[in-house]
Amino acid sequence: MCQHVPPCPSAEASDREAARAVSRAFVQGWTVLCNGVVCFEDTGELLPDGRIIAPHRATLLAGAAA
């Protein structure tokens with residue numbers, strides 16, 4: 001899918017979020033990457049084969065020192 005040189009990571013790669021954005025909908029909160037992955041602002045992802053990656057953003061621990 002990707003025509004960039006060097007090519008962007010595939011949708012199967014662990015660093016798939018590093019691919020270049022080809023379309024964005026800021027109001028709706030999603031971005032389509034050149035590898036076919038749809039990234040959502042909550043850090044969830046939809047892969048080209050229909051698999052879902054649950055949101056994986058960092059969370060603050062209760063009582064953590066500031």
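Legend: residues meeting salt bridge (Lys or Arg N to Asp or Glu O under 4.0 Å) with Glu12, ordered by chain and number and at least two apart, are Arg51. Applying the side chain to side chain contact (heavy atoms under 4.5 Å, CB included) rule to Ala18 yields the partners Pro9; only residues at least two apart in sequence or on another chain are considered. With sequence neighbours excluded, no residue forms a salt bridge (Lys or Arg N to Asp or Glu O under 4.0 Å) with Asp15.
Within the 4.5 Å cutoff, no side-chain heavy atoms of Arg16 are placed close to those of Ser10.
In this structure, Asn35 contributes its side chain and Cys8 its backbone to no donor-acceptor pair below 3.5 Å.
Linking Ile, Leu, Val, Met, Phe, Trp and Tyr whenever their side-chain heavy atoms come within less than 4.5 Å leaves Leu46 and Leu33 in two separate clusters.
Membership of an apolar cluster is not assigned to Val5, as no side-chain contact below 4.5 Å to another ILVMFWY residue is traced.
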Show which side-chain atoms of residues 36-44 pair as donor or acceptor with protein atoms under 3.5 Å away, not counting sequence neighbours.
from: Asp42; atom 1: OD1; to: Gly44; atom 2: N; distance (Å): 2.9
from: Thr43; atom 1: OG1; to: His56; atom 2: N; distance (Å): 2.8
from: Thr43; atom 1: OG1; to: Arg57; atom 2: N; distance (Å): 3.0

Could you list the donor-acceptor pairs under 3.5 angstrom formed between side-chain atoms of residues 19-26 and any protein atom two or more places apart in sequence or on another chain?
none

